[in-house]
A.B. asks: 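For reference, the structure I am asking about is given below.
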Number of protein chains: 2
Amino acid sequence: MIIEGELEPGKRIYEGPLCERLGVSRTPLREALRYLASEGLVELTPQRGASVRRFSAKDIQDMLVLIRALEELAGRLACIEASDEEIAEVRKLHDDMLDYYREENRLDYYKTNQRIHSAIAALSHNESLIQVHASLQSKLKRVRFIGHEGREKWAAAVAEHESMIKALEGRNAPALVNALSEHLEHAWERVRDVVS
Amino acid sequence: MIIEGELEPGKRIYEGPLCERLGVSRTPLREALRYLASEGLVELTPQRGASVRRFSAKDIQDMLVLIRALEELAGRLACIEASDEEIAEVRKLHDDMLDYYREENRLDYYKTNQRIHSAIAALSHNESLIQVHASLQSKLKRVRFIGHEGREKWAAAVAEHESMIKALEGRNAPALVNALSEHLEHAWERVRDVVS
DNA sequence: CAAATCTAAAATGTATACATTATACGTTGG
DNA sequence: CCAACGTATAATGTATACATTTTAGATTTG
């Protein structure tokens with residue numbers, strides 16, 4: 001509900017109404033809120049309960065800087081650790097994404113895009129890295145979804161992805177790092193206008 | 001209690017006895033367990049409750065690989081973002097640590113060591129990075145504490161720290177990255193024997 | 001004797017009740 | 001008329017009670 005924007009940033013999360021809406025009692029809901037707080041999606045203030053974490057433009061930029069470093073690491077590791085089959089699966093995801101791009105199917109494009117980035121993280125075979133990446137990506141979901149406006153930007157993103165996959169298939173770590181780095185640099189440019 | 005080894009890895013955490021020991025009821029304890037689960041210190045299995053997360057040697061190595069990349073990023077950012085005062089404070093921590101080293105005061109040495117690494121992360125002024133780093137460091141606390149055996153290894157660690165601080169004061173990002181990288185490479189060697 | 005099954009105890013998952021704290025609104029005093 | 005105070009309402013924080021599931025031990029059976 002936070003990611004999909006149903007719960008607005010900064011707004012308080014009242015337990016009572018939300019319990020009723022979800023059909024559970026306060027106990028499991030509160031346990032879930034604590035979990036989300038640790039993930040950084042929810043902010044807890046003593047004696048005032050939970051509110052939807054509000055991200056400033058700097059917060060977003062910081063997250064993108066971090067996720068860029070994480071994906072660069074994942075890319076380097078992937079070139080060493082990943083099996084050919086795993087790389088082939090990423091290629092397949094990429095091809096699916098291209099189809100969605102041509103169909104201008106934004107939602108499925110977006111979802112597949114996310115899956116590709118998660119998949120690259122997974123290729124590292126580094127469980128901590130995978131988890132941290134997933135946590136960051138979930139926080140960025142909302143922003144990134146809004147950020148994909150404009151046809152030429154979209155085309156650029158697709159092209160960047162193509163270089164990423166090529167580099168990965170060639171197990172060319174420097175090229176992959178470059179491609180990922182450039183891609184996430186542009187990601188910031190794509191969302192900058194939205195969040196500022 | 002997990003970090004200090006009072007709760008052994010792999011062992012189940014029974015809510016009843018722990019509640020009694022802490023003097024709270026099950027509700028707040030369970031909320032805390034959910035929080036720790038998201039942090040990765042605790043593992044939750046449906047219908048079987050919480051158990052202390054057990055880290056394999058690979059888990060530890062993965063975390064060190066990741067924290068190394070994080071500190072490298074933090075170092076690069078620190079050279080740009082940190083103020084002279086902030087850097088001076090890290091230098092002060094380092095000098096304190098040297099005193100503890102000469103006194104062979106392992107506990108305070110260890111604590112100050114941790115604070116230095118957190119401080120370097122903080123110099124990045126990147127909130128996400130700071131948080132992820134802190135979370136990882138807390139998971140590594142136990143292992144790192146055990147890992148500091150042997151005089152010559154200890155001396156090497158101190159020397160590495162010295163280069164780190166020097167590079168930081170000179171705002172020499174490549175040198176700092178090198179020093180951090182080497183330091184964390186050795187950190188793995190220091191703990192490798194313990195965890196395997 | 002071993003394996004399977006049944007039963008009792010205990011653990012987790014959830015709901016509800018109570019205590020405390022914050023909040024909003026109406027009242028009173030300057 | 002505005003500000004301060006007090007009260008009522010509603011929120012959070014915690015404890016307890018109940019339902020369900022797991023687990024361990026004893027009993028039974030092949």
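Every chain is numbered from 1, with letters handed out A, B, ... down the list of sequences. The figures here come from the full heavy-atom set of this structure, side chains too, leaving out hydrogens, waters and symmetry mates.
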A.B. asks: So if I define the base as every atom that isn't primed, P, OP1 or OP2, how would nucleotides 19-25 of chain D read as a B/S/- string at a heavy-atom cutoff under 4.0 Å?
C.D. replies: --SSS--
A.B. asks: Anything under 3.5 Å between a protein N or O and an N or O of nucleotides 6-8 of chain D, put it in a table, one pair a line.
C.D. replies:
none

A.B. asks: What pairs of donor and acceptor atoms, side-chain ones from residues 8-16 of chain B against any protein atom, are under 3.5 angstrom apart with sequence neighbours left out?
C.D. replies:
| unit_1 | atom_1 | unit_2 | atom_2 | d |
| --- | --- | --- | --- | --- |
| B/Glu8 | OE1 | B/Lys11 | NZ | 3.4 |
| B/Arg12 | NE | B/Arg48 | O | 3.2 |
| B/Arg12 | NH2 | B/Arg48 | O | 3.3 |
| B/Glu15 | OE1 | B/Arg26 | NE | 2.8 |
| B/Glu15 | OE1 | B/Arg26 | NH2 | 3.0 |
| B/Glu15 | OE2 | B/Arg30 | NH1 | 2.8 |

A.B. asks: Tell me whether the count of non-hydrogen atoms from other residues, nucleotides or ligands lying under 6.0 Å of CZ in B/Arg171 goes above 12.
C.D. replies: yes
A.B. asks: Would a 4.5 Å heavy-atom cut-off, applied to side chains only, mark B/Leu70 and A/Val132 as touching?
C.D. replies: no
A.B. asks: Please list residues of residues 20-41 of chain A whose heavy atoms come under 4.0 Å from any atom in DNA chain C, ordered by number; otherwise none.
C.D. replies: A/Val24, A/Ser25, A/Arg26, A/Thr27, A/Pro28
A.B. asks: If we only count heavy atoms from C-beta on, is the A/Val158 to A/Tyr109 side-chain gap below 4.5 Å?
C.D. replies: yes
A.B. asks: Would you kindly give the CG-to-C1' distance between B/Leu18 and C/dA11, to the nearest whole Å?
C.D. replies: 14 Å
A.B. asks: Restricting to non-hydrogen atoms, name the atom on A/Glu81 and the atom on A/Leu123 that form the minimum distance, rounded to 0.1 Å.
C.D. replies: CB-O, 3.9 Å
A.B. asks: Measure CG/A/Leu44 against P/D/dT14 and give the value in whole Å, please.
C.D. replies: 12 Å
A.B. asks: Are any non-hydrogen side-chain atoms of B/Pro174 and B/Val177 less than 4.5 angstrom apart?
C.D. replies: no
A.B. asks: Please examine the side chains of A/His117 and A/His133, heavy atoms only from C-beta on, and report whether any two atoms are closer than 4.5 Å.
C.D. replies: yes
A.B. asks: Atom CD of residue position B/Glu4 - does it have more than 12 heavy atoms of other residues, nucleotides or ligands inside 6.0 Å?
C.D. replies: no
A.B. asks: Who passes salt bridge (charged side-chain N to carboxylate O under 4.0 Å, His left out) against B/Asp95, sequence neighbours left out?
C.D. replies: B/Arg91
A.B. asks: Tell me, please, which residues at least two apart from A/Glu20 pass salt bridge (charged side-chain N to carboxylate O under 4.0 Å, His left out).
C.D. replies: none
